[in-house]
Amino acid sequence: MLKIIHTKLWLERERLIGLHLKKALEQRYQRSFRKPRLELKRLSRQARFQLTSHNSFARRFWFRTLAEHACARLGAEPPRFIPNQPVFMLTLIDRKQMVDPDLDHNGKRVNPTFEQIRSAYSRHLVGLDCIGMIDAALFVSLQRTHHVERLIGYHCHVLVWNIDEEKLDQRCRQIRMRIKAFVPHATSADFKRVRPTDLLQVLWYSTKTPRSQYQLHQRETRRLKQYKRGINGVNSVRLYAELGRRTLTELTLAHGQGHRVLSSTLRDARRWRLRGQPRA
């Protein structure tokens, strides 16, 4: 794992979002769980070895370990962690991977399964050297625009290397022909070159716990504008109810050399579990 001194800022962010969820579970206004104490146990330090998506101890371990092996693969050494080659962050958003958590499954509409979502995004990454994770964006108050209360938009952020910018741009154009973003006029496949000094920041962003909620407003031109804010307590519990049983392993996507990064991370996770290591 990377040393705490190199990752302190991002570890603190994960700690705070974990506390936010725990406090929300303890409040009377949450209606997602009838036995919140059981969920609090799943979010505890003792349960960190299960590597569930919202356990902040597990998330901190996963970030430090995956980042260590990704940096080693990219020749990024402490204390500055400057990669020895261009690195890009690729984001994919497919409107078909939207989930209505309140959907009546007896109706005609059917949510995609997590396995289908994971497979759909993974297909677009074949042939790339990359690693990243599936993320979830909670859209609220959608009655006027989509006639539902809320939707969860699954998307992914991955780091890509061993490719030049022109070829990656061509790859994104091909992907855009196959998938469309949830918000009209938004881009379904976008990438940015990572500034060399921002590698750890981008690795954290690609592995972070969901921490925002989104809302859409329809302008007079009928175009939609997206607004973002920190996730509130009720919605953090709702998102946990949808995603909380998923493991960090299930959420991680890797192809090419990214498989080696993931294999090393899983190896360290097994050792971490066997040792019962107190740090997370």
| query | Side chains of Leu200 and Leu2: does their closest heavy-atom pair fall under 4.5 Å? | reply |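 With C-beta onward as the side chain, the pair touches.
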- prompt: Under a 4.5 Å cut-off applied to non-hydrogen side-chain atoms, are Leu224 and Pro184 in contact?
  reply: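 Result yes, sub-4.5 Å side-chain heavy-atom pair found.
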Do [X] and [Y] meet the cation-pi criteria used here (NZ or CZ under 6.0 Å from the six-membered ring centre, within 45° of the axis)?
X	Y	answer
Arg60	Phe63	no
Arg73	Trp161	no
Lys35	Phe33	no

Looking at [X] and [Y], does any basic side-chain N land under 4.0 Å from a carboxylate oxygen?
X	Y	answer
Glu115	Arg246	yes
Arg245	Glu39	yes
Lys180	Asp94	no
Arg15	Glu12	yes

Indicate if Leu199 and Val261 have the same hydrophobic cluster label, given that clusters are the connected sets of ILVMFWY residues with side-chain heavy-atom separations under 4.5 angstrom.
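In one cluster with Leu199: Val261, yes.
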Gln50 side chain to Thr247 side chain, donor-acceptor N/O pair below 3.5 angstrom =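 Distance-only check fails for Gln50 and Thr247.
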Discussion item. Under a 3.5 Å threshold, yes or no: a donor from one side chain and an acceptor from the other, between Arg123 and Ser119?
Written reply: yes
Under the side chain to side chain contact (heavy atoms under 4.5 Å, CB included) criterion, do Arg144 and Gln218 qualify, and how do the steps go?
CA-CA 8 Å; Arg144 289 187 177 183; Gln218 192 169 52; over 6 Å; no
- Between Tyr154 and Tyr121, ring centroids under 6.0 Å: no
*asked:* Suppose we call two aromatic rings close when their centres sit under 6.0 Å apart. Are Trp272 and Phe49 close by that rule?
replied: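 Yes, the ring of Trp272 comes within the 6.0 Å limit of the ring of Phe49, centre to centre.
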Notebook entry, point to check: What pair of heavy atoms forms the shortest contact from Ile131 to Gly258, and how long is it?
Noted result: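 It is CD1-O, 3.7 Å.
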For this session: Identify which one of Thr252, Thr207, Asn55 satisfies the side-chain hydrogen bond (donor to acceptor under 3.5 Å, both in side chains) criterion when paired with Trp62.
Result: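 So the option named by the test is Thr252.
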Assess the residue pair Leu142 and Arg150 against the criterion (side chain to side chain contact (heavy atoms under 4.5 Å, CB included)); give the C-alpha distance rounded to whole Å, side-chain angles, the decisive distance to 0.1 Å, and a yes or no. CA-CA 6 Å; Leu142 295 176; Arg150 61 190 68 88; 5.5 Å; no
When rounded to the nearest 0.5 Å, the distance separating CG of Leu90 from CG of Asp190 is 8.0 Å
